[in-house]
Amino acid sequence: MLIPHDTRIALDTVVDLVNTAPETDPPEGERNDGLADIEALYGFARRHRISGVDDLGEKDLRAVHDVRTRFAEIFATRDTRIAAGLVNNLVAAAGTTPQLSNHDGYDWHVHYFAPDASIADHLAADCGMALAFIVVAGEQERLRRCEAPDCRDAFVDLSRNRSRRYCSSRTCGNRLHVAAYRARRREAAG
């Protein structure tokens with residue numbers, strides 16, 4: 001699947017945003033909210049180079065939490081009609097206004113949010129449109145959760161044959177493969 005650079009960046013951002021949510025029923029241990037306060041929100045904006053972020057407050061934090069919840073719902077559904085409705089509602093509420101922009105050393109690209117948009121509307125519009133492209137391409141099954149028993153992180157499976165099972169082959173995938181190898185060794189030795 002060929003994904004334009006801007007869409008890929010937006011997909012990475014939405015995955016990171018969804019993965020900041022605290023687990024309501026964690027498999028092992030408890031994961032705290034990665035966006036628990038305004039400082040964490042500023043850090044998220046810096047990491048993802050979100051432009052136009054100046055003064056953030058509690059209202060912004062609550063709005064981003066709401067957007068995060070709605071993105072998680074899109075990852076959770078396998079029904080294309082439901083996903084399309086969720087995406088449509090999200091981008092419509094953000095007041096999507098596509099425009100070409102070239103800022104901060106980036107070549108021309110499309111912004112889907114108004115120049116004075118809040119951070120929540122920025123995320124809803126840009127990331128919502130990235131998810132819209134995935135749904136339109138018939139690739140919604142690429143929006144997944146890690147299959148490792150102690151991890152439920154979201155990820156976008158960009159493998160050629162849609163076979164990725166873990167959020168990271170270096171951590172979750174490797175840990176499970178090593179555990180399976182050790183179990184086979186114990187079984188063979190016993």
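Keep in mind that the numbers below use all heavy atoms, side chains included, and drop hydrogens, waters and symmetry copies.
Closest heavy-atom contact between F71 and L123: CZ-O, 3.5 Å. Residues L35 and A40 approach most closely at CD2-O, 3.6 Å, considering heavy atoms. For V110 against P98, the heavy-atom pair with the smallest separation is CG1-CB, 4.3 Å. Here the closest non-hydrogen pair linking A36 and L61 is O-CD2, 3.8 Å. Heavy-atom minimum distance, A10 versus C127: O-SG, 3.5 Å. Of all the heavy atoms in T96 and A92, the pair that sits closest is OG1-N, 4.4 Å.
Here the side chains of V64 and F44 are not in contact, with every heavy-atom distance at 4.5 Å or above.
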- Can you check side-chain contact (heavy atoms from CB on, under 4.5 Å) on L131 and L11, steps first, answer last? CA-CA 7 Å; L131 292 172; L11 289 171; 4.0 Å; yes

- Might you work through the salt bridge (charged side-chain N to carboxylate O under 4.0 Å, His left out) test for R47 and D16, ending with a clear yes or no? CA-CA 10 Å; R47 270 192 321 280; D16 193 28; 3.8 Å; yes

- Would F75 and V15 satisfy side-chain contact (heavy atoms from CB on, under 4.5 Å), going step by step from the backbone distance to the final call? CA-CA 9 Å; F75 271 81; V15 163; 3.9 Å; yes

- Query: What's the verdict on side-chain contact (heavy atoms from CB on, under 4.5 Å) for D33 and R68, showing C-alpha distance, side-chain angles and the deciding distance?
  - Reply: CA-CA 11 Å; D33 192 335; R68 176 179 69 185; 2.8 Å; yes

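Taking CD1 of I3 as the reference point, atom CD1 of I9 lies at 12.0 Å (rounded to 0.5 Å). Distance check, rounded to the nearest 0.5 Å: CD1 of I134 to OG1 of T7 gives 8.0 Å. A distance of 9.5 Å separates CD of E139 from CG of L158, quoted to the nearest 0.5 Å. Atom-to-atom distance recorded for I74:CD1 and L143:CG is 8.5 Å, nearest 0.5 angstrom. Atom CD1 of I119 is separated from atom CG of L56 by 5.5 Å, given to the nearest 0.5 angstrom.
Taking T13 as the reference, H48 meet the side chain to side chain donor-acceptor pair (under 3.5 Å) condition, with sequence neighbours excluded. Legend: residues meeting salt bridge (charged side-chain N to carboxylate O under 4.0 Å, His left out) with D60, ordered by chain and number and at least two apart, are absent.
Side-chain atoms of Y42 come within 3.5 Å of backbone atoms of D54 as a donor-acceptor pair (strictly under, hydrogens ignored). A donor-acceptor pair under 3.5 Å links the side-chain atoms of R145 to the main chain of R152, judged by distance alone. In terms of modelled atom types and a separation under 3.5 Å, the side chain of D153 and the main chain of C167 share no donor-acceptor contact. Of the possible polar contacts, one joining the R142 side chain to the S159 backbone as a donor-acceptor pair under 3.5 Å is found. Using a distance-only test at 3.5 Å, with no hydrogens or angles considered, a donor-acceptor pair links the side chain of N19 to the main chain of A154.
When hydrophobic clusters are built by joining Ile, Leu, Val, Met, Phe, Trp and Tyr residues whose side-chain heavy atoms come closer than 4.5 Å, directly or via intermediates, V135 is not grouped with V67. Under the 4.5 Å side-chain heavy-atom criterion for ILVMFWY residues, a single connected hydrophobic cluster contains both I38 and L17. By the rule that hydrophobic residues join a cluster once side-chain heavy atoms approach within less than 4.5 Å of another member, L41 and F113 end up as members of separate clusters. In terms of hydrophobic clustering, with Ile, Leu, Val, Met, Phe, Trp and Tyr side chains grouped at heavy-atom distances under 4.5 Å, W108 and Y112 are assigned to a common cluster.
Other residues, nucleotides and ligands place no more than 12 heavy atoms under 6.0 Å from the CD atom of E39. Within a 6.0 Å radius of CG in D55, no more than 12 heavy atoms belonging to other residues, nucleotides or ligands are found.
Between E73 and R70 there is no salt bridge, since none of the side-chain N atoms of the basic residue sits less than 4.0 Å from a carboxylate O of the acidic one. Between D12 and R8 a salt bridge is recorded (basic side-chain N to carboxylate O distance below 4.0 Å).
Put simply, the residue from R144, R164, R165, R162 that forms a side chain to side chain donor-acceptor pair (under 3.5 Å) with D157 is R144.
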Scan the side chains in residues 81-90 for donor-acceptor partners under 3.5 Å anywhere in the protein, sequence neighbours excluded, and list what turns up.
unit_1	atom_1	unit_2	atom_2	d
N88	ND2	A84	O	3.3
N89	ND2	G85	O	3.2

